[in-house]
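Below is one structure, written out as structure tokens; the observations come after it.
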Amino acid sequence: MKMKYMIVGLLAAGSLAMGQKVSQKEAEAWNGVIAAATPDAKIAAVDNLISKFKDTQFKSAALMMAGDAYQRKGDAANAIVYGNRALEADPKNFQAMLLVSGQLAQMTKEFDLDKDEKLKQASKLANDAITTINAAAKPNPQLPDDQWAAVKKDMVSQAHETLGVIASIDKKWDTAITEFKTAIDDAAQPEPSTMVRLTATYNIAMKYDEAGAMADKVLANPNVPDNLKKMAQDQKQRALKGKTQK
């Protein structure tokens, strides 16, 4: 997830660099958003900016950053609210598309009465994000082309992971495998958590050889957190057990 938070700051900083001239007070309020170090401070700084400058050119970027802060607090409902507000301010804000689609997918359960509606919205936003990201120009001309290409790959990867989660909720395991695999194979920096998701999905689909191989990749990475390694180890044991019972 570190890459995602770097992207938020990168695009936000680029907005100021490429934006029109603003007053000193508006610039100070925006810089307060950039400088805020904690989720609560970030949210407060965004609310301060929007309350004082309701038509600020930084509105969509700021609201997206507040949504991201709510996500880090584990508050999916407010993350979605602020992400949608960011999209209202700028329908092309692909970070907001990723945020809202991801949070909708994560919070939707199999037996929710509005499951189909939420998953349809999440799927549309994830696919719209892929299209918009692929066509997006650099937010800051000083950013090297190869770094921007890597950032775009990781954001598209995030959209595919969301599509994999959506397919999993619908128990479309082959589709989920394809989406998780795409998220891993096409990322500049594959997320170990996505690899664990794929391992678990392989096991559900009774593709135990593939599950074991993916678990081994996670376990061989020295930078993977212990909690994810534990999950990968559990999935590897499940794959071994499944093979013996098959």
Side-chain angles (χ1 to χ4, degrees), residues 1-17 19 22 25-109 118 121-122 125-126 129 133 139-140 143 151 154-159 161-162 165 183 187 189 191-194 196-197 223-228 231:
M1 304 303 288
K2 289 182 180 179
M3 172 62 77
K4 186 175 77 67
Y5 296 140
M6 184 279 289
I7 292 168
V8 172
L10 171 69
L11 299 190
S15 297
L16 184 57
V22 298
K25 289 187 179 296
E26 183 177 349
E28 288 174 352
W30 172 241
N31 286 330
V33 173
I34 299 295
T38 67
D40 286 336
K42 187 77 71 178
I43 293 163
V46 169
D47 287 341
N48 175 64
L49 170 69
I50 301 300
S51 66
K52 291 180 178 177
F53 306 96
K54 65 177 182 178
D55 296 321
T56 176
Q57 64 175 302
F58 310 121
K59 185 174 184 177
S60 184
L63 289 167
M64 167 58 214
M65 294 174 80
D68 178 79
Y70 273 117
Q71 180 187 32
R72 284 185 279 160
K73 283 167 61 72
D75 187 341
N78 271 313
I80 291 170
V81 167
Y82 274 78
N84 279 327
R85 288 178 64 190
L87 284 171
E88 288 173 5
D90 177 11
K92 296 291 188 181
N93 188 330
F94 45 80
Q95 288 192 101
M97 295 176 197
L98 292 174
L99 175 68
V100 176
S101 62
Q103 292 297 286
L104 278 172
Q106 294 285 352
M107 70 184 299
T108 301
K109 307 303 179 186
K118 288 190 291 188
Q121 181 186 0
L125 284 171
I133 292 164
N140 189 331
L143 182 68
V151 166
D154 284 334
M155 287 191 290
V156 169
S157 169
Q158 186 179 339
E161 180 176 14
T162 292
V165 172
Q189 295 184 17
E191 288 283 352
S193 59
T194 311
V196 173
R197 283 188 190 276
N223 298 318
V224 173
D226 289 341
N227 65 317
L228 288 179
M231 294 170 68

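The nearest pair of heavy atoms linking Lys25 to Phe53 is C-CZ, 3.7 Å. The minimum heavy-atom distance between Ala126 and Ser101, with the atom names listed, is N-CB, 3.8 Å. Pairing each heavy atom of Met155 with each of Gln95, the nearest pair is SD-CG, 4.4 Å. Here the closest non-hydrogen pair linking Ala187 and Ala183 is CB-O, 3.3 Å. Shortest non-hydrogen contact noted between Asn93 and Ala61 is ND2-N, 4.3 Å. Scanning all heavy atoms of the two residues, the minimum distance from Gly102 to Thr162 falls at CA-OG1, 3.6 Å.
The side-chain heavy atoms of Arg197 and Val165, taken from C-beta on, include a pair separated by under 4.5 Å. Between Lys73 and Asn78 there is no side-chain heavy-atom pair separated by less than 4.5 Å. Counting heavy atoms from C-beta outward, Asp75 and Gln71 have side chains that stay 4.5 Å or more apart. Inter-residue side-chain proximity for Leu98 and Ile133 is flagged as met; some heavy-atom pair is nearer than 4.5 Å. Residues Glu28 and Asn31 have side chains not in contact (no heavy-atom distance under 4.5 Å, counting atoms from C-beta outward).
Using a cutoff of 4.0 Å between basic side-chain nitrogens and carboxylate oxygens, Asp55 and Lys59 are not scored as salt-bridged.
Side chain of Lys42 to main chain of Ala37: no donor-acceptor pair is present (N/O by atom type, distance under 3.5 Å, no hydrogens or angles).
Taking CE from Met64 and CZ from Phe94, the interatomic distance works out to 10.0 Å, rounded to the nearest 0.5 Å. Atom-to-atom distance recorded for Leu49:CG and Phe58:CZ is 8.0 Å, nearest 0.5 angstrom. Note that CD of Gln189 and CG of Asn223 are 10.5 Å apart. Values are rounded to the nearest 0.5 Å. Put simply, CG on Leu125 and CG on Leu104 are 7.0 Å apart, with the number rounded to the nearest 0.5 Å. For the atom pair CG (Leu63) and CG (Asp68), the distance works out to 12.5 Å, reported to the nearest 0.5 Å. Residue Thr194 holds its OG1 atom at 3.0 Å from CD of Glu161, rounded to the nearest 0.5 Å.
Atom CG of Asn227 has more than 12 heavy atoms from other residues, nucleotides or ligands within 6.0 Å.
Side-chain N/O atoms of Ser157 and Glu191 include no donor and acceptor closer than 3.5 Å.
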Can you give each donor-acceptor pair under 3.5 Å made by side-chain atoms of residues 79-88, sequence neighbours left out, with the distance rounded to 0.1 Å?
residue: Tyr82; atom: OH; partner: Asp47; partner atom: OD1; Å: 2.9
residue: Asn84; atom: ND2; partner: Ile80; partner atom: O; Å: 3.3

